[in-house]
Amino acid sequence: MKHVPLRPALASLPPYVPGARVPVGAAAFKLSSNENPYPPLPSVVAAIADGAVDVNRYPDMYASDLVQAVAAHLGVQPEQVVAGCGSVAVLGHVLSAFCDAGDEVVHPWRSFEAYPIAVTLAGATGVPVPVRADGRLDLPALAAAVTDRTRVVLVCTPNNPTGPAVHADELDAFLAAVPRDVLVVLDEAYVEFVRDPDAPDGLAVLAAHPNVVLLRTFSKAYGLAGLRVGFAVADARLAAGIRAASTPFGVSHLAQLAGVASLRASDELLERVDGIVRERTRLLAGLREHGWDVPDSQANFVWLGLGDGTARFAEAATRAGVLVRPFAGDGVRISVGEPEATDVVLRVARDLRH
């Protein structure tokens, strides 16, 4: 019997492994998905509730109000902003707009696990470049991996799951080495958590380099992971191409309203981000105090490169009531959550050292 064939690329497609969810009725902290541990602000919840009466209608196809609000918030032109169903979907649109079959996409590894999936689905060929032992991206190696077939280079900063952000001087050198007809995507999903004074200003980099695209999201700092809304910021010509490749009506009406309301409340929300950064500092210091080697993190998570000890740590954390994200054979990523969650993580870290 003949069967409808699937694309051969699907056979080698790596699965995206989501962070574990807290079982119904269980008392546990979820530190496995880099979510904001706090619910949306009341003003954002009110906007979502008010918009619920209109969900029988299609959303604004181009998320015009949200795009206008993002542009005003960032100081760019609306035609430079493209909204999508989370930054993962926007990345897919970027690759669809710039890659044909056989084109190469250079990306760091280990980095965001959606990269090889998105590249494969776009029909391109991924070229992974190892991250340094200290968890930092090896930008000279990324630049050296560029060939005549390279169409896109992905730069995750801060890097997920290891945590460090790239520095402005190394990014300048990298961009000077990459041909101007190669697209450079700065994935800044965690940019609001960055406090490293040497980190680049992504918007300034974008203004100086027309081959750069920024990816950002409302899922992390703004606490809208469940509504799936992200965006790209690019030169207007590139943005038009990304917009043309986007899924029609890709951002729900409720997500658009929540995004606009979140930007109105950005000062209040970013106070929460400051609290998460303080908790990150405490978590990093506590882990190091217990003898763990932890890369500097500029995101809302920390990384333990545990190798073969990954499963043991994750199992101990689960037994203690904390769900972390193990990457088999590599390490454990621990999201920054409530102070009580940090206390549990530090107890687990202490007990495993003694």
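Sequential numbering from 1 along the given sequence is applied to the chain's residues. Computation of the quantities below employed the complete heavy-atom set of this structure, encompassing side-chain atoms and omitting hydrogens, waters and symmetry-equivalent molecules.
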Is there a continuous path of hydrophobic side-chain contacts, each under 4.5 Å between heavy atoms, that joins [X] to [Y]?
| X | Y | result |
| --- | --- | --- |
| I242 | V229 | no |
| V322 | F327 | no |
| L13 | F112 | yes |
| V178 | L137 | yes |
| F193 | W303 | no |

Exercise. Which of these passes side chain to side chain contact (heavy atoms under 4.5 Å, CB included) with T318: L323, V324, V348?
Worked result: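 Considering L323, V324, V348, a side chain to side chain contact (heavy atoms under 4.5 Å, CB included) with T318 is found only for L323.
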For this session: Can you spot which of V166, V153, V129 makes a side chain to side chain contact (heavy atoms under 4.5 Å, CB included) with L139?
Result: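 Among V166, V153, V129, the one that satisfies the side chain to side chain contact (heavy atoms under 4.5 Å, CB included) with L139 is V166.
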Contact check, side chains of [X] and [Y], non-hydrogen atoms, under 4.5 Å:
| X | Y | value |
| --- | --- | --- |
| V44 | Y222 | no |
| P37 | I276 | yes |
| H73 | S266 | yes |
| V90 | V82 | no |
| L74 | Q80 | no |
| F98 | V105 | no |
| I117 | P14 | yes |
| P164 | D134 | no |

Would you say [X]'s side chain and [Y]'s backbone share a donor-acceptor pair under 3.5 angstrom?
| X | Y | value |
| --- | --- | --- |
| S33 | E35 | no |
| R110 | V131 | no |
| N211 | V182 | yes |
| T310 | G331 | yes |
| Q256 | D60 | yes |
| E188 | L215 | no |
| R282 | P339 | yes |
| R243 | V81 | yes |
| R350 | L287 | no |
| R280 | V302 | no |

Could you tell me which non-hydrogen atom of [X] sits nearest to which non-hydrogen atom of [Y], and how far apart they are?
| X | Y | answer |
| --- | --- | --- |
| D235 | P210 | CB-O, 3.9 Å |
| W109 | P116 | CZ3-CD, 3.7 Å |
| A177 | A143 | CB-CB, 4.1 Å |
| A145 | V127 | CB-CG1, 4.3 Å |
| G223 | N36 | CA-CB, 3.8 Å |
| L142 | H107 | CD2-C, 3.8 Å |

Exercise. Applying salt bridge (Lys or Arg N to Asp or Glu O under 4.0 Å), which residue pairs with at least one partner in residues 193-209 are found, sequence neighbours left out?
Worked result: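 Listed by first then second residue: R195-D274.
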Within a 6.0 Å radius of atom [atom1] on [X], are there more than 12 heavy atoms belonging to other residues, nucleotides or ligands?
| X | atom1 | answer |
| --- | --- | --- |
| E340 | CD | yes |
| F249 | CZ | yes |
| Y62 | OH | no |
| R7 | CZ | yes |

Problem set entry | Passing candidate, side chain to side chain donor-acceptor pair (under 3.5 Å) with S111, options N160, N159, T157 |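 Running side chain to side chain donor-acceptor pair (under 3.5 Å) over N160, N159, T157 with S111 returns exactly one hit, N159.
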How long is the straight-line distance from [atom2] of [Y] back to [atom1] of [X], given to the nearest 0.5 Å?
| X | Y | atom1 | atom2 | answer |
| --- | --- | --- | --- | --- |
| Y58 | H253 | OH | NE2 | 15.0 Å |
| T162 | D330 | OG1 | CG | 11.0 Å |
| R228 | T217 | CZ | OG1 | 6.0 Å |
| D148 | D103 | CG | CG | 11.5 Å |
| F301 | L31 | CZ | CG | 13.0 Å |
| L346 | L283 | CG | CG | 5.5 Å |

For this session: Dump the intermediate steps for side-chain contact (heavy atoms from CB on, under 4.5 Å) on I334 and L304, then the final yes or no.
Result: CA-CA 8 Å; I334 308 168; L304 295 176; 4.0 Å; yes
For this session: Take L352 and W292 through the side-chain contact (heavy atoms from CB on, under 4.5 Å) test and state the conclusion after the steps.
Result: CA-CA 10 Å; L352 288 176; W292 297 90; 4.0 Å; yes
Problem set entry | side-chain hydrogen bond (donor to acceptor under 3.5 Å, both in side chains) between R325 and N34, worked out | CA-CA 9 Å; R325 174 65 168 89; N34 297 344; over 6 Å; no
For this session: Let me see the working for L175 and L171 under side-chain contact (heavy atoms from CB on, under 4.5 Å), right down to the final yes or no.
Result: CA-CA 6 Å; L175 290 169; L171 183 61; 4.0 Å; yes
For this session: Apply side-chain hydrogen bond (donor to acceptor under 3.5 Å, both in side chains) to the pair S87 and R216, showing each step before the final yes or no.
Result: CA-CA 6 Å; S87 59; R216 295 193 178 181; over 6 Å; no
Problem set entry | Candidate pair L154 and D187, rule side-chain contact (heavy atoms from CB on, under 4.5 Å), full reasoning | CA-CA 7 Å; L154 306 179; D187 185 347; over 6 Å; no
